[in-house]
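Reviewing the structure listed below.
All values derive from a computational prediction rather than experimental measurement. Computation of the quantities below employed the complete heavy-atom set of this structure, encompassing side-chain atoms and omitting hydrogens, waters and symmetry-equivalent molecules. Both counts, for ligands and for their atoms, begin at 1 and track the order of listing.
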Amino acid sequence: MDFELSDEQTRIRRVAREFAETELGERIAPYDERHEFPAEIVRKLGPLGFLGVLVPEEYGGAGLGHVAYALIVEELCRGDASVGITMWAHNSLCANHVASFASAEQKRRYLPPLATGEVLGAWGLTEPGSGSDAAALRTRAELAGDHWVLNGSKAFITNASVAATAVVMVRTDPGTRSTGISAFVVEAGTPGFSAGAPYRKLGLHASNTAELIFEDARVPAANLLGERGQGFVQAMRVLEGGRIAMAAMAVGIAQAAVDQAVRYMKQRTAFGRTLAEFNGLQGMIADLATEVEVARLLTLRAAYLKDAGRPAMHAAAMAKLFASETAMKAATRAVQIHGGAGYITEFPVERIFRDAKLTEIGEGTSEIQRTVIARELLQL
Ligand SMILES: Cc1cc2nc3c(=O)[nH]c(=O)nc-3n(C[C@H](O)[C@H](O)[C@H](O)COP(=O)(O)OP(=O)(O)OC[C@H]3O[C@@H](n4cnc5c(N)ncnc54)[C@H](O)[C@@H]3O)c2cc1C
């Protein structure tokens, strides 16, 4: 057993941490307040290789593994989770789906601009009527000559209105469930394809989330990814890696909550002492730091299994479940440690608290992760 990161992984984590410290944190707070997408800051991720992390080098990416990727996601989300989720949806979902299942010609066309950050990517599985039960999706595609005609909509899609490239799962064979779903690349500007107005969300205000709308959108037949009917299977494989990265996102948010709590405990005084000197609060912060470390280890273990080409679904579900519930707990306790100051927008914990909640919902809710874990244990 080796707990050491390689020299390359250590260097990558340092670059991500330095970027987060200089470009994120309080610099994103005004965007969060205005519900504005920080395009100019997201653009800076491209030259660092952070928008093509999992894309092979031959297509302009960094060609890194899931461990290195988890380290980057954690550090960015420790700085700011809105920028973190933007980069996560682009890499884990859109670019990784294309890199994993597209033909060589499709990869040559779509991956270089995604990997360099020339364009952003989105990925649409969820619909207004289907989230956890993804196989019930109803957006449909009908073949008309050399085009597919898409109708329907996707809900809650990260980067929906800032992406130029979207991968979407749609029903190509009515009357079936998972076997009738296919994946397509749809480009912004396709007639009949648009994004709705961004949602007003509880947290992650500086990330873009909107509907994707298809009204007789004509998509070239050449944009089908892999085989017809394989879209659901592809999506489940993409979600396996995506869940590990969302666990890393939760670890970053949880660590940020601990960072803020430690800082405040050292500066705030009550009864003639700093908060750091109160036993009750020491116990609270010690428990949190321990749980964040457990979440990090579970996440890196799942990433390691994925890199080794071993089954990782179970490990990914455990990491995602534990890390997201740790993020929510750490954020709640960090607000508590701040007292009234934790409840106002001047202090970062208020934003961290709002952002943490998404990790228990996105990429499969905590209930779905428990189902995945239990099914494996019970061999159902
Ligand atoms: C900010 C944000 C960004 C997102 N980004 C994307 C994206 O980029 N792409 C994308 O495709 N989707 C995205 N999503 C959608 C997200 O993945 C779904 O919201 C999530 O999977 C839950 O689906 P749902 O909202 O339809 O909830 P539902 O499936 O309606 O679930 C409602 C409740 O019922 C519970 N439940 C459902 N089924 C079961 C069951 N079998 N057993 C026990 N409990 C159950 C759930 O756990 C939940 O508590 C995003 C969501 C948000 C909020």
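With a heavy-atom cut-off of 4.0 Å, Glu363 touches ligand 1 through its backbone alone. Both the backbone and the side chain of Thr126 come within 4.0 Å of ligand 1, judged by heavy-atom distances. With a heavy-atom cut-off of 4.0 Å, Ser132 touches ligand 1 through backbone and side chain alike. The proximity of Leu204 to ligand 1, defined as any non-hydrogen pair under 4.0 Å, does not occur for either the backbone or the side chain.
Distances below 4.0 Å separate heavy atoms of Thr365 from the following atoms of ligand 1: 22 (C), 46 (C), 47 (O). Taking every non-hydrogen atom of Leu358 and a distance limit under 4.0 Å, the qualifying atoms of ligand 1 come out as 1 (C), 2 (C), 52 (C), 53 (C). Numbered from 1 in the order shown, with element, the atoms of ligand 1 that lie under 4.0 Å from a heavy atom of Glu367 read 43 (C), 44 (N), 46 (C), 47 (O), 49 (O).
The shortest N/O to N/O separation between Gly362 and ligand 1 does not fall below 3.5 Å.
Side-chain contact annotation: Glu277 with Thr274, donor-acceptor N/O pair under 3.5 Å present. Side-chain contact of Asn91 with Asn96: a donor-acceptor pair under 3.5 Å is absent, judged by distance alone.
Taking all heavy atoms of Trp123, Trp88, Phe156 into account, the minimum distance to atom 5 (N) of ligand 1 is reached by Phe156.
Glu363 has its side chain within reach of Leu239: a pair of non-hydrogen atoms, C-beta onward, lies under 4.5 Å apart.
From the protein, the heavy atom lying nearest to atom 3 (C) of ligand 1 is Thr158 OG1, 3.3 Å. Closest to atom 26 (O) of ligand 1, if we only count protein heavy atoms, is Gly131 CA, 3.1 Å. Of the protein's heavy atoms, Ile368 CD1, 4.2 Å lies nearest to atom 41 (N) of ligand 1. Nearest non-hydrogen protein atom to atom 42 (N) of ligand 1 is Thr371 OG1, 4.5 Å. In terms of protein heavy-atom proximity, atom 20 (C) of ligand 1 is nearest to Ile361 O, 3.5 Å.
Using bins of under 30°, 30° to 60° and over 60° for the plane-to-plane angle, the ring pair His338/Tyr264 lands in the parallel bin. Relative ring orientation between His97 and Trp123 is described as tilted, the plane-to-plane angle lying within the 30° to 60° band. Classified by interplanar angle (parallel below 30°, tilted 30° to 60°, perpendicular above 60°), the ring pair Phe214/Phe193 is parallel.
Within the 3.5 Å criterion, the main-chain N or O of Ser6 finds no donor-acceptor partner in the side chain of Arg11.
Taking a distance limit of 4.0 Å, we find that atom 14 (N) of ligand 1 is approached by some protein heavy atom. The presence of a protein heavy atom under 4.0 Å from atom 49 (O) of ligand 1 is confirmed. By the definition of a contact as any protein heavy atom under 4.0 Å away, atom 30 (O) of ligand 1 is not in contact. In this structure, atom 33 (C) of ligand 1 has its sub-4.0 angstrom surroundings free of protein heavy atoms.
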Run the salt bridge (charged side-chain N to carboxylate O under 4.0 Å, His left out) test on Arg370 and Glu325 for me, step by step, so that the C-alpha distance in whole Å, both residues' side-chain angles and the decisive distance to 0.1 Å come before the verdict. CA-CA 12 Å; Arg370 286 193 168 87; Glu325 296 197 343; 2.9 Å; yes

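Shown here for Ser92 and Val238, the closest heavy-atom pair between the two residues is O-CG1, 3.5 Å.
Under the side-chain hydrogen bond (donor to acceptor under 3.5 Å, both in side chains) rule, Glu240 has a single partner from His66, His314, Lys306, which is Lys306.
Salt-bridge check for Arg354 with Asp32: passed, with a basic side-chain N closer than 4.0 Å to an acidic carboxylate O.
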